[in-house]
**Student:** 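Quick one: the structure is below, questions incoming.
One-based numbering, in listed order, for ligands and for the atoms of each.
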Amino acid sequence: MDAKHLSKRMQAVADLVPKSNNVADIGSDHAYLPAYLLEQGLIKHAIAGEVVDGPFKNAQSEIISQNLSHVMEARLGNGLAVIEPSDHVDTITIAGMGGELITDILERGKAKLTNHPVLVLQANVDENTLRKWLANHQYEITGEDIVYDAGHFYEMFRAEYVNHPVSYTREELDFGPLLLQNKTATFRDKWNEKLAKNRFILDKLVNSKSHPATKISKTKTMITEIEGVLDDNR
Ligand code: SAM
């Protein structure tokens, strides 16, 4: 992958980014995402935020090698701390981390969200935690996708601040409110795989000596939920 040839995962994230004046890509590493968005003319300016020195230097190298110094800046810092009010960031992208970590970055950086930037997020796991945080902060999911790339399923979404309360059902939090409305082959593949895994786990739990009641009950609930979503006759 490079800024001109994004991975399938990164391309799906890029496709959710609206035309923006200033994008802050947090946890940018190589800065391929903002570099791609700039080179495509989709955004005017970018900040590549990184908390670790090595990836920060990767971002700096990418900016220089792609001749983007006039429109992109790498900043070393934790989460949204790299964003200043004078930047007028209108879109924040955070990709390639766990949902808990992305949620933590947003929670700790809430003071940087007062101008309600669009959020484009891709969590590797625990997407439901992130969707819940978004709903609790009046962010509505306005774009959502799922892809299979290099042996993994990835979900990505765009969330926009709205002037009314946002609430999602448990199913919408777990499966994605928009993904549920358009159950693609990739969506079905992901959840069929999860269903098989959960059935296997349930079998092991039920036949184990300790017979852990809470785990069994949780796994059964998950299986019922997935079966319900995959059932077209519902
Ligand atoms: N966003 C790129 C992508 O999707 O391919 C890179 C993902 S990489 C797996 C995660 C990056 O996030 C690492 O470079 C890590 O240093 C950075 N990171 C983790 N926590 C961070 C934080 N609190 N603030 C800024 N960057 C962070």
Side-chain angles (χ1 to χ4, degrees), residues 1-18 20 22-40 42-43 45-66 68 71-85 87 89 91-113 117-127 129-131 133-134 137 143-159 176 186 190:
M1 169 162 78
D2 59 38
K4 292 195 169 59
H5 309 91
L6 296 183
S7 66
K8 204 168 164 186
R9 170 185 67 89
M10 204 53 124
Q11 185 65 56
V13 175
D15 291 344
L16 288 170
V17 176
S20 312
N22 200 4
V23 169
D25 183 41
I26 304 301
S28 201
D29 191 356
H30 35 62
Y32 292 153
L33 176 62
Y36 169 85
L37 294 168
L38 284 165
E39 280 165 7
Q40 295 296 312
L42 297 167
I43 66 172
H45 189 274
I47 296 159
E50 251 300 330
V51 75
V52 177
D53 200 46
F56 167 69
K57 291 206 168 86
N58 290 345
Q60 283 185 316
S61 305
E62 181 69 12
I63 292 168
I64 292 164
S65 72
Q66 299 295 319
L68 292 171
V71 280
M72 173 154 49
E73 200 183 323
R75 293 186 190 165
L76 187 61
N78 197 339
L80 307 191
V82 296
I83 300 173
E84 298 298 335
D87 294 324
V89 164
T91 300
I92 296 175
T93 55
I94 314 180
M97 302 175 211
E100 302 267 358
L101 178 55
I102 298 178
T103 304
D104 187 55
I105 288 174
L106 293 172
E107 180 60 31
R108 283 195 285 145
K110 266 198 303 204
K112 304 294 174 84
L113 299 175
V118 174
L119 303 175
V120 177
L121 310 168
Q122 180 266 308
N124 295 339
V125 289
D126 298 327
E127 296 91 341
T129 308
L130 195 46
R131 288 191 185 102
W133 188 94
L134 292 169
H137 293 82
E144 200 166 31
D145 201 1
I146 178 167
V147 298
Y148 185 72
D149 186 16
H152 296 278
F153 291 99
Y154 296 103
E155 294 177 16
M156 47 286 293
F157 29 90
R158 179 182 58 239
T186 309
K190 169 176 175 165

**Student:** With a 4.0 Å cut-off, would you call Arg75 and Glu84 a salt bridge?
**Tutor:**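 Salt bridge absent between Arg75 and Glu84.
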**Student:** Quick check on contacts: which atoms of ligand 1 are under 4.0 angstrom from a heavy atom of Val52?
**Tutor:** 16 (O)
**Student:** I need the nearest protein heavy-atom contact for atom 16 (O) of ligand 1: residue, atom name and distance, please.
**Tutor:** Glu50 OE1, 2.9 Å
**Student:** Start with the C-alpha distance between Ser28 and Asp25, add both sets of side-chain angles, then the distance that settles side chain to side chain donor-acceptor pair (under 3.5 Å), and finish with yes or no.
**Tutor:** CA-CA 5 Å; Ser28 201; Asp25 183 41; 2.6 Å; yes
**Student:** Taking 4.0 angstrom as the limit, do Arg9 and Glu155 come out as a salt bridge?
**Tutor:**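 Looking at Arg9 and Glu155, the cut-off is not met.
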**Student:** Tell me which one of Ile102, Ile94, Val51, Leu76 gets a heavy atom nearest to atom 21 (C) of ligand 1.
**Tutor:** Val51
**Student:** Under 4.0 Å from a heavy atom of His30: give me the atoms of ligand 1 that qualify, with their elements.
**Tutor:** 5 (O)
**Student:** Any idea which protein heavy atom is nearest atom 7 (C) of ligand 1, and the distance to it?
**Tutor:** Ala95 O, 3.6 Å
**Student:** Looking only at N/O atoms, are Met10 and ligand 1 under 3.5 Å apart anywhere?
**Tutor:** no
**Student:** I want to confirm something. Looking only at heavy atoms, which of Arg75, Met1, Met97 is nearest to atom 19 (C) of ligand 1?
**Tutor:**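 Nearest heavy atom to atom 19 (C) of ligand 1 lies in Met97.
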**Student:** Could you work out, with salt bridge (Lys or Arg N to Asp or Glu O under 4.0 Å) as the rule, every residue matching Asp15, not counting sequence neighbours?
**Tutor:**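 Partners of Asp15 under the salt bridge (Lys or Arg N to Asp or Glu O under 4.0 Å) test: none.
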**Student:** Which residue and atom name correspond to the protein heavy atom nearest atom 4 (O) of ligand 1, and how close is it?
**Tutor:** Arg9 NH1, 2.8 Å
**Student:** Determine, considering heavy atoms only, which of Gly98, Gly27, Gly96 sits nearest to atom 2 (C) of ligand 1.
**Tutor:**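 The residue whose heavy atom sits nearest atom 2 (C) of ligand 1 is Gly27.
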**Student:** Given 3.5 Å as the limit, does a donor-acceptor pair link the side chain of His5 with the main chain of Met1, or not?
**Tutor:**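 Here the side-chain-to-backbone pair does not exist.
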**Student:** Mind checking whether Ile105 contacts ligand 1 via backbone (N, CA, C, O), side chain (CB onward), both or neither, at a 4.0 Å heavy-atom cut-off?
**Tutor:**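 The answer is the side chain.
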**Student:** Tell me which protein heavy atom sits closest to atom 20 (N) of ligand 1, plus the residue, atom name and distance to 0.1 Å.
**Tutor:** Leu101 CD2, 3.8 Å
**Student:** If I apply the N/O under 3.5 Å rule, does Gly79 come out as touching ligand 1?
**Tutor:** yes
**Student:** Between Arg158 and Glu144, does any side-chain N to carboxylate O distance fall below 4.0 Å?
**Tutor:**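 No.
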**Student:** Tell me the side chain to side chain donor-acceptor pair (under 3.5 Å) pairs involving residues 94-104, sequence neighbours left out?
**Tutor:** Asp104-Arg108
**Student:** Once you restrict to heavy atoms under 4.0 Å, what part of Pro55 touches ligand 1? Side chain, backbone, both or neither.
**Tutor:** side chain
**Student:** Going from CG on Asn22 to CD on Glu73, what distance comes out if it is rounded to the nearest 0.5 angstrom?
**Tutor:**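 Nearest 0.5 Å value for the CG-CD distance: 9.0 Å.
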**Student:** List the atom of Ala81, the atom of Lys112, and the distance in Å for their closest heavy-atom pair.
**Tutor:**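 Smallest heavy-atom distance, with atoms named: O-NZ, 3.4 Å.
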**Student:** Return the residue, atom name and 0.1 Å-rounded distance of the protein heavy atom closest to atom 23 (N) of ligand 1.
**Tutor:** Asn78 OD1, 2.7 Å
